[in-house]
There are 2 protein chains.
Amino acid sequence: MTKKSPSLEAIAAWARLVRVSRQLVESTEDALKANGLPPLAWYDVLHELAEAGEGGLRPFELIDRVLLAQYGVSRLLARLEADGLVEKLPVSDDGRGQTVRITASGREMRRCIWAVYGACIADRMGDRLSVQDLKTLASLLGRLRDPPASD
Amino acid sequence: MTKKSPSLEAIAAWARLVRVSRQLVESTEDALKANGLPPLAWYDVLHELAEAGEGGLRPFELIDRVLLAQYGVSRLLARLEADGLVEKLPVSDDGRGQTVRITASGREMRRCIWAVYGACIADRMGDRLSVQDLKTLASLLGRLRDPPASD
DNA sequence: TTCATATAGATGCAATTGCATCGATAAGGA
DNA sequence: TCCTTATCGATGCAATTGCATCTATATGAA
């Protein structure tokens, strides 16, 4: 089996993508830390749970949404629960599982994080590309998803 | 001081960027691991050192190039040296420092990693976007760099 | 029912990473 | 020269992450 070789353009785009996204995420994490706020992963989970509403989510449903390993979700939820940001409820029809729901403090924390996170996004993305360019970027990135999905 | 709010388009582009790049990098790391190869960070350092040629590089010069913290570079170089992939040479005009140079084994390892890494890039980027789209993507991403630089 | 297998979630332990600091040399001013 | 400060690189220790496995419940076939 012969391995494929990427074009120079593919290499350049890849390098930019990896480097830029790392810089953006790291600088955002720094901003959160500087404001005494928890990491982005906490926001991701709180966001998903807030969207899910009163019904909450099962831990295994969070795995794909926040791109964390199973043990990562398990431990992150343990910390969120310890901080009173989420609560775990037993689920009636499956004795193995639980349902995780965001608490009032959790919603407040989500707002606090968003105040910084949103400003970072505005500063690092919104202010640098036009709406049209943002749409183009999102569309191009969409075609890199695995599995390929509709735009 | 009032915080800025990002547009919906900025949020969407940000989310895609972060998620897609994470998936791409993780799947590439998985491919390397599956082939018994070291992580991408090893490639990054070997690549920079190969480009630097016989003169090698000082560790502190690697920090910005591979986006690693100072202690990260220090420890990664220690591992690369333990594996015989790089060698550390004292530098005459600065008693604190050293020069790091890639070895023959290091070059070979770089080729091995690239066989898998390059195929991943081709598969995940080159095969999905046209050359024109790759250029557009790289250009848009270039405008997100910090500090803003020419394209 | 009974047993084999699959799934949900937690966790012990090892490896890695981050933070703070250290030792050593350099640089620069008094 | 002497002393203060800055830079280079390494490292002790704590926190985090990854891997493998564990417990408990569910599912499904015989």
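Chain identifiers are assigned alphabetically (A, B, ...) following the order of the sequence lines, protein sequences preceding nucleic acid strands; residue numbering begins at 1 within each chain.
- Residue Arg128(A) comes nearest to Arg145(B) through the heavy atom pair NH1-O, 2.6 Å, listed as atom of the first residue, atom of the second, then distance.
- The NZ-C1' distance, from Lys33(A) to dA20(C), rounds to 13 Å in whole Å.
- For the OP1/OP2 pair of dG23(C) and a distance below 4.0 Å, the side-chain nitrogens and oxygens of Arg96(B) include no atom meeting the criterion.
- Going from atom CG of Leu85(A) over to atom OG1 of Thr103(A) covers 5.5 Å, rounded to the nearest 0.5 Å.
- Counting to the nearest Å, the P atom of dG9(D) and the CG atom of Asp94(B) are 7 Å from each other.
- Tyr71(B) has no side-chain polar atom (N or O) that falls below the 4.0 Å cut-off from OP1 or OP2 of dA10(D).
- Side-chain atoms of Arg75(A) and base atoms of dG9(C) include no donor and acceptor less than 3.5 Å apart.
- Between Trp114(A) and Tyr43(A), the ring planes lie parallel to each other; the angle is under 30°, not in the 30° to 60° tilted range.
- Protein atom CD of Glu61(B) is 16 Å distant from nucleotide atom P of dT7(D), rounded to whole Å.
- Following rounding to the nearest Å, Asp93(B) (CG) and dA26(C) (C1') show an atom-to-atom distance of 11 Å.
- One can place CG of Leu76(A) at 11 Å from P of dT16(D), the figure rounded to the nearest angstrom.
- Here the P atom of nucleotide dA8(C) and the CG atom of Leu77(A) are 15 Å apart, to the nearest Å.
- Residue Ser74(B) places at least one side-chain N or O closer than 4.0 Å to OP1 or OP2 of dA10(D).
- Rounded to an integer number of Å, the gap from CG of Leu80(A) to P of dA10(C) is 12 Å.
- Distance, Phe60(A) CZ to dG9(C) P: 6 Å, rounded to whole Å.
- At least one side-chain heavy atom of Leu17(B) sits less than 4.5 Å from a side-chain heavy atom of Leu141(B).
- With rounding to the nearest 0.5 angstrom, the CG atom of Leu67(A) is 11.5 Å from the CG atom of Leu62(A).
- The shortest distance between the side-chain N/O atoms of Lys88(B) and the OP1/OP2 oxygens of dC8(D) is not below 4.0 Å.
- Interface remark: the Gln70(B) side chain does form a donor-acceptor pair with the dA10(D) base, using a distance-only criterion of under 3.5 Å.
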